[in-house]
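To find a chain, count down the sequence lines: A is the first, B the second, and so on, and within it residues start at 1.
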Amino acid sequence: MTKLAKPADLLKINYKPPMTSWMDTPTVYKPGTYSYACKPESLKIVDMPNPRTWQTTDEDWQLPENWKEIVLDGLRDRLQRFRSLKLFMDVCVRCGACADKCHFFLGSGDPKNMPVLRAELLRSVYRKEYTLAGKYMAKMVGARELTLPVLKEWFYYFFQCTECRRCSVFCPYGIDTAEITMLARELLGLLGLSIDWIMGPVSACYMKGNHLGIQPHGIVDSFDMINDDIEDITGVRLDLSYNRKGAEILYVPPSGDVFATPGTYSLMGQLMLFHEMGLDYTLSTYNSEGGNFGLFTSNEMMKRLNAKIYAEAKRLGVKFIIGGECGHMWRVINQYMDTMNGPAPDNLEVPVSPVTGTVFHNAAGTKMIHVCEFTADLLKHNKVKLDPSRNKGVIATYHDSCNPARAMGLLDEPRYILDHCVEWYEMPEETIRENTFCCGSGAGLGNDENMEMRMRGGFPRANAVKYVKEKHGVNMLACVCAIDRAALPALMKYWNPGVEVCGVHELLGNALVMTGEKKREENLRFEPLQNVEEDDE
Amino acid sequence: MSILVGLLLVVAIIAITYIGVEVLGLSALFGIVLPYVAVACFIIGFIYRIVKWAKSPVPFRIPTTCGQQKSLDFIKQNKIENPSSKGWVVVRMILEVLTFRSLFRNTKAELTEDGNLAYQWEKWLWLFALMFHWGFFFVLVRHLRFITDPVPGFVQLWEKIDGVFWVNLQALYLTGFIMVAGLGLLLCRRLFLDKVRYISLLNDYFPLFLLLGIGCSGILMRYLTHVDVTRIKELAMGWVTFNPTVPGDISIMFYIHLALVCVLLIYFPLSKLMHAGGIFFSPTRNMANNNRMVRHENPWNPVVKVHTYEEYEDEFRDKMRAVGLPLDKDE
């Protein structure tokens with residue numbers, strides 16, 4: 001792995017396009033800006049084609065002889081199945097509104113990271129195959145033959161898009177680069193081309209139920225440790241259950257929150273809240289993952305992994321499902337689950353909060369609600385006793401995760417929770433809500449070898465945090481996404497040392513007053529509470 | 001290069017028309033045959049493209065949500081930017097189509113000397129686009145006078161409003177100038193902004209020059225060369241009554257204007273100009289964000305292989321038993 005340049009050096013960004021046209025500018029696989037190739041084992045597990053040992057930087061990618069035919073057939077097939085693809089190939093007028101909306105372009109200055117050019121990489125081949133002018137006038141009308149360098153260019157740039165959809169907010173026709181990237185990745189997948197950091201989690205999740213491939217006893221162990229920590233901090237031990245039939249609710253967190261900090265703290269907050277509310281819920285080891293890296297692979301893969309949620313809800317006979325704080329998971333649940341694997345099993349009912357009686361009509365079909373929706377409703381009905389002074393010293397800001405913001409619209413629920421728990425400030429309006437900037441590591445790109453690109457892509461987000469850090473002394477970046485919680489700590493360390501990252505429910509967990517708890521002296525991170533000294537005086 | 005080719009193509013159309021009408025005397029070809037062919041191409045092509053889009057399936061409901069979702073009663077939904085019903089989708093689409101709402105969101109990001117990103121006001125693209133499109137629309141409305149008899153009241157009314165300014169004893173129709181100005185400014189963006197020039201193709205320059213040619217020839221013919229409007233109306237009424245005759249002695253400027261319009265009509269369905277129809281089909285804009293409320297059917301929903309719980313339990317039964325997890329089959 002290459003050493004990362006200093007922030008000041010990384011910021012020497014040249015936004016001026018090169019002298020050569022983009023078609024004549026070769027793709028350079030610069031260390032630190034691409035991800036390692038997928039391993040043959042992972043492809044085999046999920047029956048994907050062309051499993052072999054290869055590296056992204058290899059001259060020879062060991063493609064099947066008829067690779068070109070496979071890709072072009074795949075393109076034709078998808079043009080027939082997806083109106084979105086056909087339309088997005090046809091209607092772009094290259095107005096350039098999207099150009100400076102992409103975090104990767106802002107952080108790298110590479111023109112092929114302008115959403116319009118990222119799409120043109122695919123569109124150029126489409127034109128060659130499907131338009132008259134493209135066949136005969138090729139280059140002048142932006143058409144070109146599919147060649148190996150083109151394929152390598154696709155791989156580089158379609159694994160340099162985090163499918164965050166920010167560009168589609170600004171596009172006058174709503175052209176969504178995420179959709180184009182997803183379908184381009186499907187095409188690459190037909191040749192067994194993907195990255196290890198996606199196919200590893202996909203294959204692990206398929207067989208073992210979670211991205212890290214933790215086996216059932218390992219999951220129980222992890223929850224036990226979390227429970228130990230909760231007991232140490234609060235004096236209350238939770239009664240956790242797994243795979244329990246007859247529970248009212250199935251709770252599905254992203255596995256990142258079970259196995260790694262700071263996600264675990266946010267998970268603790270949720271489990272403590274459920275305990276305090278007396279929820280009749282269960283966890284599943286078979287479906288121990290809310291996240292779905294199938295979304296970054298193909299729609300079929302997304303469906304295969306997502307199927308477990310309803311399958312498990314049916315087997316356990318629960319009434320409804322609560323999903324944890326996870327970004328892309330909620331794109332899948334909000335926009336795809338019911339279509340792919342619905343209708344929901346018969347035992348599921350329209351979610352009703354057992355505490356407040358609130359009916360979640362917005363989830364009448366899928367029967368699955370976001371934990372922030374659940375919690376915000378509790379707070380509104382004053383069902384939760386909170387002592388926000390336990391968050392004293394924390395000055396937070398809120399990062400809207402891309403998918404809950406732009407593929408769902410979960411904007412004010414988490415803010416409502418923060419309002420009750422902590423002192424917090426908004427970042428500039430161009431960088432929040434539907435305008436939010438990606439962490440730079442989404443859609444499977446959060447691996448270490450891709451670190452320079454992650455720091456570049458995350459720069460716009462980090463820079464907005466820097467603004468509130470300097471203005472309000474912000475020292476905590478709250479979010480509702482497990483990939484954020486894995487990616488943002490590194491980003492903050494690089495651009496804004498001193499700013500920590502947390503889930504919204506961690507702050508709630510700190511403030512939560514539990515029945516029978518001991519006097520709290522530490523927060524969920526085992527750090528001394530700042531309000532304790534005052535009380536003693 | 002593509003700039004030059006785009007310009008030359010338009011010049012060539014003008015030259016061919018000049019030679020055709022003035023030298024070869026093919027006024028029937030340019031005045032009757034070409035318009036019919038062009039209109040036929042436009043109608044058939046436009047419908048073909050629309051039908052092709054309309055027939056392609058929409059497997060998933062993927063609106064881009066630009067505001068608060070519908071969730072709890074006390075949280076205010078942004079019904080326009082995150083509609084959950086068809087009615088509000090219509091409102092969102094109307095705003096998109098008539099006011100270019102997404103383009104209005106535009107900002108310009110700039111990296112400052114001290115290493116911070118600044119977002120600046122940038123509504124020029126929105127303004128120029130609005131100028132051109134609305135200008136063009138009202139110019140078309142005015143042109144209805146040539147193919148209607150009697151001329152409908154709304155056309156006459158609009159002519160009065162549009163031509164409120166008088167210069168040299170004749171009405172100056174503002175919308176024509178606004179349209180041409182909009183086009184000129186859009187062209188300037190392509191020529192002078194680095195990023196936009198870098199992404200521009202012949203497919204972008206050609207329609208701009210073509211439309212500029214149409215606008216300029218129209219203005220020239222109305223205010224400078226003073227064509228015989230009565231004869232043009234005769235010709236146009238001939239087209240729409242399917243009884244066309246070529247009245248002699250119409251200025252060449254008219255034939256040039258007409259030829260450019262015909263090329264535009266033919267080119268339209270083949271090109272990016274189809275965004276005019278495409279916008280209505282954009283799944284990120286024309287769908288409600290209600291997938292958790294109402295099921296959306298995928299017509300080709302694939303049957304996929306899944307890893308079942310039974311397979312999972314078979315693999316891990318002993319380990320599950322060891323930590324006391326409930327089992328479906330405990331042998």
Side-chain angles (χ1 to χ4, degrees), chain A residues 11 16-17 81 83-84 86-87 91 93-94 96-97 99-100 106 111 116-117 140-142 165 168-174 176 206-207 215-217 220 242-243 286 300 303-304 307 315 334-336 338-339 342-343 362-366 373 376-377 380 406 408-409 411-412 430 434 460 463, chain B residues 2 53 56 58 60-62 64-72 74-75 82 100 102-103 105-107 109 115-117 119 125 194-196 198-204 272 275 278-279 281-285 291-296 298 300 302 304 306-307 309 312 316 319-320 323 325-326:
Chain A
L11 272 186
K16 212 167 166 54
R81 280 192 290 143
R83 182 185 296 173
S84 53
K86 175 119 197 63
L87 192 79
V91 299
V93 300
R94 285 162 300 281
D100 59 356
L106 290 175
V116 49
L117 270 196
M140 204 174 295
V141 295
R165 312 185 93 203
S168 85
V169 169
F170 296 89
C171 175
Y173 317 119
D176 182 10
Y206 184 70
M207 292 305 288
Q215 301 183 10
H217 54 293
V220 175
Y242 311 89
N243 307 348
Y286 164 66
E300 289 87 358
K303 181 176 177 180
R304 292 172 75 181
R315 189 181 73 87
N334 191 54
Q335 300 201 321
Y336 295 102
D338 202 9
T339 299
N362 64 328
T366 54
E373 295 170 340
D377 173 62
K380 176 70 183 175
R406 286 183 285 258
M408 183 175 181
L411 304 174
D412 286 326
E430 295 87 354
E434 72 273 14
N463 194 245
Chain B
S2 44
W53 282 329
S56 61
V58 182
F60 303 112
R61 196 185 266 143
I62 54 165
T64 305
T65 60
C66 301
Q68 171 61 40
Q69 67 167 348
K70 176 180 164 61
S71 69
L72 298 156
F74 61 94
I75 289 177
N82 194 340
F100 305 169
S102 292
L103 219 46
R105 267 190 267 268
N106 197 30
T107 54
N116 289 313
L117 278 173
Y119 305 93
L125 172 58
D194 285 342
K195 287 196 285 273
V196 190
Y198 198 67
I199 56 177
S200 294
L201 303 168
L202 177 59
N203 331 4
D204 304 309
K272 69 166 192 176
H275 67 259
I279 171 76
F281 289 89
S282 184
T284 62
R285 292 290 184 275
N291 217 42
R292 277 197 291 157
M293 296 169 229
V294 187
R295 182 155 192 258
H296 176 81
N298 174 359
W300 50 263
V304 294
V306 297
H307 191 65
Y309 175 80
Y312 173 86
F316 295 114
K319 290 169 175 170
M320 290 172 79
V323 289
L325 289 174

**Prompt:** Taking side chain as C-beta onward, heavy atoms only, is A:P460 less than 4.5 Å from B:Y119?
**Reply:** yes

**Message:** Taking B:K272 first and then B:D204, would you say they form a salt bridge - that is, a charged N and a carboxylate O separated by under 4.0 Å?
**Reply:** yes

**Pi-cation contact, A:Y173 with B:R285 (under 6.0 Å, within 45°)** = no

**Prompt:** Are side-chain N/O atoms of B:N291 and A:N334 paired as donor and acceptor at under 3.5 Å?
**Reply:** no

**Asked** Where the side chain of B:R61 meets the backbone of B:V294, is there a donor-acceptor pair that is under 3.5 Å apart?
**Response** yes

**Request:** Would you mind checking which part of B:W53 comes under 4.5 Å of any heavy atom in chain A, side chain (CB onward), backbone (N, CA, C, O), both or neither?
**Result:** both

**Asked** Would A:N362 and B:M293 satisfy side chain to side chain contact (heavy atoms under 4.5 Å, CB included), going step by step from the backbone distance to the final call?
**Response** CA-CA 5 Å; A:N362 64 328; B:M293 296 169 229; 4.1 Å; yes

**Message:** Counting only non-hydrogen atoms closer than 4.5 Å, does B:Y309 touch chain A with its backbone (N, CA, C, O), its side chain (CB onward), both, or neither?
**Reply:** both

**Request:** Using a cut-off of under 4.5 Å on heavy-atom pairs, state which of A:H217, A:R304, A:R94 scores highest against chain B.
**Result:** A:R94

**Message:** Is A:V116 in contact with chain B via its backbone, its side chain, both, or neither, using a 4.5 Å heavy-atom distance?
**Reply:** side chain

**Prompt:** Measuring heavy-atom distances to chain B, does A:E430 have an atom under 4.5 Å in its side chain, in its backbone, in both, or in neither?
**Reply:** side chain

**Message:** What part of A:A307 gets within 4.5 angstrom of chain B, counting heavy atoms only: side chain, backbone, both, or neither?
**Reply:** side chain

**Prompt:** Among A:Q215, A:Q335, A:K86, A:E434, which has the most heavy-atom pairs under 4.5 Å with chain B?
**Reply:** A:Q335

**Prompt:** Hey, is B:R292 close enough to A:E373 for a salt bridge, meaning N to O under 4.0 Å?
**Reply:** yes

**Request:** Go through A:R406, A:R81, A:K16 and name the one with the most non-hydrogen pairs under 4.5 angstrom from chain B.
**Result:** A:R81

**Prompt:** For the candidates A:V169, A:D377, A:V220, A:V91, which exhibits the highest count of non-hydrogen atom pairs separated by less than 4.5 Å from chain B?
**Reply:** A:V169

**Message:** Can you see whether B:T284 engages A:R165 through a side-chain donor-acceptor pair at a distance of less than 3.5 angstrom?
**Reply:** no

**Prompt:** Based on non-hydrogen pairs under 4.5 Å, which of A:D176, A:N243, A:V141 is most in contact with chain B?
**Reply:** A:V141

**Prompt:** Is it the backbone or the side chain of A:L106 that comes under 4.5 Å from a heavy atom of chain B, or both, or neither?
**Reply:** side chain

**Request:** Please state whether the rings of B:H307 and A:Y206 are parallel, tilted or perpendicular, taking 30° and 60° as the class boundaries.
**Result:** tilted

**Complete:** From the list A:P111, A:P216, A:A376, A:G142, the residue making the most non-hydrogen contacts under 4.5 Å with chain B is A:P216

**Asked** Does some side-chain heavy atom of B:Q68 sit less than 4.5 Å from a side-chain heavy atom of B:I75?
**Response** yes

**Asked** Got a sec: does the NZ of B:K70 have more than 12 other heavy atoms crowding it under 6.0 Å?
**Response** no

**Request:** Below 4.5 Å from any heavy atom of chain A, which atoms of B:L125 appear? Answer side chain, backbone, both or neither.
**Result:** side chain

**Prompt:** By a 4.5 Å heavy-atom criterion (distance strictly below it), what part of B:V196 contacts chain A: side chain, backbone, both, or neither?
**Reply:** side chain

**Request:** Considering only heavy atoms and a distance below 4.5 Å, find which of B:F316, B:F74, B:F281 pairs most often with chain A.
**Result:** B:F74

**Prompt:** Under 30°, 30 to 60°, or over 60°: which ring-plane class applies to B:F60 and A:Y336, parallel, tilted or perpendicular?
**Reply:** perpendicular

**Request:** Please look at B:N298 and chain A and tell me whether the side chain, the backbone, both or neither of the residue comes under 4.5 angstrom of a heavy atom of that chain.
**Result:** both

**Asked** What part of B:I199 lies closer than 4.5 angstrom to a heavy atom of chain A: side chain, backbone, both or neither?
**Response** both

**Request:** Select one option (side chain, backbone, both, neither) describing which atoms of A:D412 are under 4.5 Å from chain B's heavy atoms.
**Result:** both

**Asked** Which one, B:V323, B:V58, B:L72, leads in non-hydrogen pairs under 4.5 Å with chain A?
**Response** B:L72

